[in-house]
Every structure is written in structure tokens, then in C-alpha cells.
> 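Starting off with a structure, shown below.
Worth saying up front: this structure is predicted, and the values here are computed from it rather than measured.
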Amino acid sequence: MSRYDKLDQLGASGALPASPDDAVLERVANPCDDPYMVRLVAPEFTSICPVTGQPDFAHLVVDYCPDRWIVESKAFKLFLGSYRNHGDFHEACTTGIGQRLVKEIEPRWLRIGGYWYPRGGIPIDVFYQYGKTPDGLWVPDQGVPPYRGRG
């Protein structure tokens, strides 16, 4: 039996959970003892505006330094997909994703940048951080330029 045999979603169909609360964020043992950074990028994240019911779009960048656990990537993808029909403000979506990851994988450090496309002509960028950046950890810029529209 490998360390991956107990993952419920591994190899199973990829049906989206009905909501973020229903999503299972599976974790696996961190294969490395030394501090390192993981970057997860979702350039086509979607959720629903809680006021209008219209879709909202964001480019999400999650950086974290694992401790004992890393998030299983398919579970993360399904978790993000569960927001597709979830109505919440940009701030709640972005910080909620960061807080859920902290709860499930207990990283040494985590940050998430939510770079939301304009709603009503105003782009909204939301940032959340957990913990202090470990000494010596290389943390590159998230690489998402400020929104400029046609300008």
C-alpha cells in the first residue's frame, strides 16, 4: 500500500462539489524536510456575485511553505471548482480559500493573491497571508501585473 492509496478522490471521477463547504481538500505527506515553496495558480477561477448572480472571474496565486502536509492537486482543483456556483464577495472568496488551506494542510507560511477582473469597471485585488515567511525561503513575486484595461 502506498501513501496515496487512502486518497478518496485520486482516480475517481471529477464531479464538482456542490459548495466549498462540501469540498474535500485531501492532503498528502510532505516528501521533503527542508523548507521550500509551492505555488498553485488558477488563472480562470470563477464564482458568483452574491448581489447580481452574475459570474465573477479571478486569477488566483497561492504560495505556501509546507510543514508536514501538501495539498493534493486534484482535490485543490475540485475545491476551487466548487466556487463556480457559490455566491460571495471577492474578499470572502480569496480569504476563505487561504483560511481553508491553512486549516487543512497546516503550512509553515501561506499567502494568496486574488486578482479579480473588473466588476462595474473596478478591478479588486485581495491578499491574505498566514504566518511569517521562513528565513531563507525564496519567494518570487506573484507575477500578476496590475489591471490596465485598454490603457
Side-chain angles (χ1 to χ4, degrees), residues 1-49 55-119 123-148:
M1 177 185 276
S2 82
R3 63 181 165 184
Y4 306 115
D5 288 341
K6 293 189 178 194
L7 296 175
D8 295 331
Q9 298 175 124
L10 194 62
S13 70
L16 291 179
S19 74
D21 291 337
D22 293 337
V24 176
L25 257 178
E26 293 178 323
R27 63 190 188 182
V28 296
N30 180 1
C32 184
D33 292 330
D34 295 328
Y36 66 99
M37 193 189 86
V38 175
R39 173 166 287 168
L40 304 166
V41 180
E44 299 176 346
F45 178 80
T46 60
S47 66
I48 299 293
C49 172
D56 286 325
F57 303 91
H59 182 133
L60 300 180
V61 180
V62 177
D63 295 323
Y64 74 95
C65 178
D67 192 2
R68 296 180 320 155
W69 307 104
I70 58 174
V71 68
E72 195 281 317
S73 60
K74 181 178 179 183
F76 182 68
K77 179 180 179 179
L78 293 173
F79 171 62
L80 292 185
S82 73
Y83 279 86
R84 189 165 290 162
N85 294 314
H86 175 76
D88 228 334
F89 291 106
H90 300 338
E91 297 83 355
C93 286
T94 306
T95 59
I97 291 166
Q99 291 166 345
R100 178 74 184 274
L101 282 166
V102 166
K103 177 183 173 191
E104 301 295 340
I105 64 171
E106 303 168 352
R108 297 175 189 184
W109 168 84
L110 177 140
R111 75 174 178 185
I112 180 172
Y115 302 88
W116 293 83
Y117 292 94
R119 180 198 292 167
I124 298 173
D125 296 339
V126 180
F127 306 97
Y128 171 80
Q129 180 170 307
Y130 165 80
K132 293 186 186 224
T133 309
D135 288 339
L137 183 67
W138 177 51
V139 181
D141 181 80
Q142 290 197 325
V144 181
Y147 186 81
R148 292 225 28 205

> Just say parallel, tilted or perpendicular for the rings of H86 and Y83, cut-offs at 30° and 60°.
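Perpendicular, since the angle between the ring planes exceeds 60°.
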> Of the non-hydrogen atoms in Y117 and P43, which two are nearest, and what is the gap between them?
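Distance-wise, the nearest heavy atoms are OH-O, 4.2 Å.
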> Quick check: closest heavy atoms across G113 and F127, and the distance to 0.1 Å?
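The answer is CA-CD2, 3.7 Å.
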> Do the side chains of Q142 and R39 get nearer than 4.5 Å, heavy atoms only?
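With C-beta onward as the side chain, the pair touches.
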> Please report the closest heavy-atom contact between I112 and G98, naming both atoms and the distance.
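That closest heavy-atom pairing would be CG2-CA, 4.2 Å.
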> Look only at the side chain of R100 and the backbone of P20, and say whether a donor-acceptor pair between them is shorter than 3.5 Å.
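Such a contact is found between R100 side chain and P20 backbone.
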> Is there a side-chain contact between P17 and L78 (heavy atoms, below 4.5 Å)?
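Yes - at least one pair of side-chain heavy atoms lies under 4.5 Å apart.
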> Return the minimal non-hydrogen interatomic distance between A23 and S82, and the atom names on each side.
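So the two residues come closest at CB-OG, 4.0 Å.
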> So do P123 and P118 actually touch side chain to side chain, heavy atoms under 4.5 Å?
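They are in side-chain contact.
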> Under a 3.5 Å distance rule, please check whether E106 uses its side chain to pair with a backbone N or O of R108 as donor and acceptor.
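Checking the backbone N and O of R108 against the side chain of E106, no donor-acceptor pair under 3.5 Å is found.
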> Relative to the ring of F45, is the ring of W116 parallel (under 30°), tilted (30 to 60°) or perpendicular (over 60°)?
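Geometry flag for F45 against W116: perpendicular rings.
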> Holding to salt bridge (charged side-chain N to carboxylate O under 4.0 Å, His left out), I want the full list of residues that pass it with E91, two or more places apart in sequence or in another chain.
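Applying salt bridge (charged side-chain N to carboxylate O under 4.0 Å, His left out) to E91 gives none.
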> Say whether, by atom type as modelled, one donor and one acceptor occur between the side chain of N30 and the main chain of D67 under 3.5 angstrom.
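Yes: the side chain of N30 pairs with the backbone of D67.
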> Side chains of V41 and L60, heavy atoms from C-beta outward: is any pair under 4.5 Å?
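Counting from C-beta outward, V41 and L60 never come under 4.5 Å.
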> Less than 4.5 Å apart, side chain to side chain, heavy atoms only: is that true for F89 and D56?
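Answer no - side chains too far apart.
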> If you define the side chain from C-beta out and look only at heavy atoms, does anything of F79 sit under 4.5 Å from I97?
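They are in side-chain contact.
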> Tell me whether R119 contacts the main-chain N or O of C49 through its side chain, where contact means a donor paired with an acceptor under 3.5 Å.
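Pair absent, no side-chain N/O of R119 close to backbone of C49.
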> So, Y64 side chain and L101 main chain: donor-acceptor pair closer than 3.5 Å or not?
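No; zero donor-acceptor contacts below 3.5 Å.
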